[in-house]
2 protein chains.
Amino acid sequence: MSSSTAQGARARARMEVTAAIKDEARRQLAAEGAAKLSLRAVARELGMVSSALYRYFPSRDDLLTALIIDAYNAIGESAEAAREKAAADGPVQRWTAVAQAVRDWALRHPHEYALIYGSPVPGYTAPATTVPPASRVGLVFIGIVRDAHHGSALTEPPPLPADLRPEAERMAADLAPDLPPAAVAALIAAWGELFGLVGFELFGQFNRVVEDRETFFRHAVARLAQGVGLVDGPVEGRR
Amino acid sequence: MSSSTAQGARARARMEVTAAIKDEARRQLAAEGAAKLSLRAVARELGMVSSALYRYFPSRDDLLTALIIDAYNAIGESAEAAREKAAADGPVQRWTAVAQAVRDWALRHPHEYALIYGSPVPGYTAPATTVPPASRVGLVFIGIVRDAHHGSALTEPPPLPADLRPEAERMAADLAPDLPPAAVAALIAAWGELFGLVGFELFGQFNRVVEDRETFFRHAVARLAQGVGLVDGPVEGRR
DNA sequence: CCAATTCGAGAGCACTGCTCTTGCTTTGGA
DNA sequence: TCCAAAGCAAGAGCAGTGCTCTCGAATTGG
C-alpha cells in the first residue's frame with residue numbers, strides 16, 4: 001500500500017527501535033570501548049528491558065557486527081569524501097588527502113577504529129556482509145592509482161622478482177586488471193602499511209617516539225604514494 | 001640466609017604459584033583470546049578458589065599486564081635471536097630476517113600478538129614497566145640500521161623536507177644520535193608499516209586479497225628496508 | 001473478525017570480577 | 001623458645017553480565 005520506506009507502522013517502528021539501539025550502543029562504544037559495551041546497559045538507557053532487545057539483535061556479537069558495518073561505511077565515506085574534495089589535485093596529493101581522512105576519522109572515533117582495524121578477535125571470521133563496506137577505503141586507493149595510470153602519472157614499476165610475479169599477477173587480475181601487477185602489489189602493501197601507521201599512533205606505540213604526528217604521517221604516506229609509483233603530474237612533466 | 005634465588009620457602013612458593021597462574025592464563029589466552037580470559041576459570045583449573053588468586057594479581061587487568069610484558073619479551077627475544085642468526089648476512093637480509101621472525105611469532109601466537117599490537121583499549125595507558133620490553137623489537141631494527149651506517153652500507157637519504165626536519169632531528173637525538181635524522185624518520189615509519197602488514201594478515205584484512213602471504217611479506221619488508229636506505233653490502237660495492 | 005505473528009515484561013540460569021570475613025599456616029623478632 | 005604479626009586459602013556474598021523461557025498484550029493480515 002505504500003512505498004518501501006513506510007510499509008506498515010510495525011516495520012517502521014522496528015526500524016526506529018533498531019536505529020535507537022545502534023545509536024545508544026555506538027554511544028557506549030565511543031565512551032567506554034567495545035569491551036564494556038553491555039546489552040543490559042543499552043536496554044536500560046533506552047527504557048526497555050534487556051530481553052526485549054533480543055528481538056532486534058539475536059546476540060551481543062550481532063550488535064557488534066552491525067556496528068562494525070556502520071564503522072566501515074563511515075570511514076569509507078570519509079575516504080570517498082576526501083577523494084572528491086581533492087579531485088583536482090595531483091595523484092600524490094589525492095593519496096595523502098585520503099590517507100589523512102582515514103587518520104582523522106580514526107583519531108575522532110578511536111574505539112570504532114579499534115573495532116574494525118584493531119583485533120577482530122583472531123579466529124572470528126567476519127560475516128560476508130561486512131566485506132563490501134570493508135572494501136570501500138581500499139577501493140578509493142585503487143581508484144587513485146588507476147586514474148594516475150590512465151593519466152600517465154604512474155611511474156614504470158621496477159621489474160617484478162620472479163617469485164613474486166605469480167602472486168602479483170593474481171592480485172592484479174582480481175582487483176585491477178588494467179594496472180601493472182607490480183603496481184598492484186606495491187599498492188596492497190602500502191595499504192596495509194598505511195593502517196600500520198595509523199594504528200601505531202592510535203594505540204600508543206608512537207607515544208614517546210613521534211611528537212609531531214601530523215607532519216610525520218603526512219610525509220610517511222607521501223613516501224608510500226611514491227613507492228606505489230604515484231608522482232605529481234605526468235611522469236615527464238610539469239611542476 | 002640464602003641467595004636471591006631461594007630466599008625462604010614462602011617467597012619461593014609465591015613465585016611458583018605466580019608462574020603457574022600466568023602459564024594457565026596464557027593457555028586460556030592462546031585458546032580463546034583475551035576477551036574470554038576468566039580469573040575464575042584460571043583458578044578453577046589450578047584447583048584453587050578464585051579469591052585466592054587475588055593475592056597474586058590484584059585484578060584481572062594486572063594479570064593481563066603481566067601477560068603483555070611477557071609477550072613483548074617473547075617477541076623481542078624472537079627478533080633478537082633472528083638478528084644473531086643472520087649476523088653474517090647483509091643489512092637487507094638481516095632486516096627481513098628479523099621482520100620474518102616477528103611475523104612468524106605473530107602467526108604462532110595470534111592472541112598474544114593481538115594483546116600487544118591489536119587494540120590496547122584506546123584510553124588505557126600502559127604502565128611504565130611495559131615500555132622497555134615493548135622497545136626490544138624496535139631496538140633490533142635500529143641496531144641493524146646503525147650497523148649498516150657504520151659499515152657504510154646505508155645509502156645517503158634524500159634531503160629532509162623543511163617541515164619534517166625538526167621532528168626528525170628530535171627523534172634522531174632521542175633514539176640514535178649517530179644516525180642521519182632522515183634515516184631515523186624513515187626507520188620509524190618503516191617500523192610502524194611493518195606491523196601494519198603483520199596486523200592486516202593476522203586480523204583478516206588480507207583474506208581475499210593476498211594468497212601467498214609469505215612471499216608477499218618478504219618482498220614488502222625488503223622494500224621497506226630499501227626505503228630506510230639499507231642495501232646489500234657497501235654502497236658502491238660488490239654483488 | 002479472528003487466528004497468527006510480533007512484541008515487551010519478568011523471572012531465572014550460569015557466569016563474571018571483586019570484596020570481606022573467617023580460620024589456618026608460616027614467619028621473624030624478643 | 002614462644003608468640004604476635006603477617007601471609008594465605010577458603011567460603012559467602014554482591015553487583016553485574018549474556019542469554020533463555022514463559023506469559024500476557026498488542027498488532028497484523030487473511
Side-chain angles (χ1 to χ4, degrees), chain A residues 1-22 24-29 31-68 111 115 121 124, chain B residues 1-22 24-29 31-68 111 115 121 124:
Chain A
M1 185 176 273
S2 57
S3 81
S4 66
T5 146
Q7 41 176 8
R10 197 95 187 184
R12 215 181 144 85
R14 182 167 237 286
M15 300 267 297
E16 282 174 14
V17 174
T18 304
I21 292 172
K22 284 205 293 184
E24 177 57 30
R26 195 165 12 243
R27 262 202 58 253
Q28 295 193 13
L29 177 66
E32 299 271 21
K36 300 201 174 174
L37 198 171
S38 150
L39 280 191
R40 293 182 107 111
V42 171
R44 201 179 307 135
E45 209 69 20
L46 263 51
M48 57 169 93
V49 89
S50 72
S51 60
L53 213 148
Y54 285 83
R55 302 256 173 211
Y56 298 88
F57 296 94
S59 80
R60 184 180 183 276
D61 278 353
D62 290 276
L63 215 197
L64 272 181
T65 300
L67 295 182
I68 286 174
H111 290 104
L115 192 62
V121 194
Y124 157 88
Chain B
M1 186 173 271
S2 56
S3 81
S4 66
T5 143
Q7 40 175 7
R10 198 91 186 187
R12 214 181 144 84
R14 183 168 237 285
M15 301 266 299
E16 281 174 14
V17 175
T18 304
I21 292 172
K22 285 205 294 184
E24 176 57 30
R26 197 168 6 249
R27 262 203 57 253
Q28 295 193 15
L29 177 66
E32 298 270 22
K36 300 203 175 176
L37 198 172
S38 149
L39 281 190
R40 293 182 108 111
V42 170
R44 203 180 304 135
E45 208 69 20
L46 262 51
M48 56 169 96
V49 88
S50 72
S51 59
L53 213 147
Y54 284 84
R55 302 250 169 215
Y56 300 88
F57 295 94
S59 80
R60 185 180 181 275
D61 278 354
D62 290 276
L63 215 196
L64 272 181
T65 299
L67 295 183
I68 286 174
H111 290 104
L115 192 62
V121 194
Y124 157 88

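Residue numbers start from 1 in every chain, and the chains themselves are labelled A, B, ... in the order their sequence lines are given, proteins ahead of strands.
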Worksheet item: If only side-chain N and O atoms of A/S51 are considered, is one of them under 4.0 Å from the OP1 or OP2 phosphate oxygen of D/dC19?
Response: no

Discussion item. If you go through the side-chain atoms of B/R40, does one of them form a donor-acceptor pair with the base of C/dG17 closer than 3.5 Å?
Written reply: yes

Worksheet item: Using a cut-off of less than 4.0 Å, is there contact between a side-chain N or O of B/R44 and OP1 or OP2 of C/dT16?
Response: yes

Worksheet item: How close or far is atom P of D/dG16 from atom CD of A/Q28, stated in whole angstroms?
Response: 14 Å

Worksheet entry | Side-chain N or O of A/R60 closer than 4.0 Å to phosphate OP1/OP2 of D/dG18 | yes

Item to complete: Using a cut-off of strictly less than 4.0 Å, decide whether B/Y56 has a side-chain nitrogen or oxygen near OP1 or OP2 of D/dA9.
Response: yes

Practice prompt. Without swapping roles, check the side chain of A/R60 against the backbone of A/L37 for a donor-acceptor pair under 3.5 Å.
Written response: yes

Worksheet entry | Side-chain donor/acceptor of B/R14 to base of D/dG7, under 3.5 Å | no

Practice prompt. Measure from the side-chain heavy atoms of B/A41 and tell me the nearest of C/dG10, D/dT20, C/dT16.
Written response: C/dT16

Item to complete: With heavy atoms under 4.0 Å as the rule, sort B/L63 into base, sugar-phosphate or nothing.
Response: nothing

Practice prompt. Could you please spell out the steps behind the side-chain hydrogen bond (donor to acceptor under 3.5 Å, both in side chains) verdict for A/D62 and A/T65?
Written response: CA-CA 5 Å; A/D62 290 276; A/T65 300; 5.5 Å; no

Item to complete: Report yes if a side-chain nitrogen or oxygen of B/S38 is closer than 4.0 Å to either non-bridging phosphate oxygen (OP1 or OP2) of C/dC15; otherwise report no.
Response: no

Discussion item. I need the B/L53 CG to B/I21 CD1 distance, nearest 0.5 Å.
Written reply: 4.0 Å

Item to complete: Check whether any side-chain heavy atom of A/M48 lies under 4.5 Å from a side-chain heavy atom of A/V17, and answer yes or no.
Response: yes

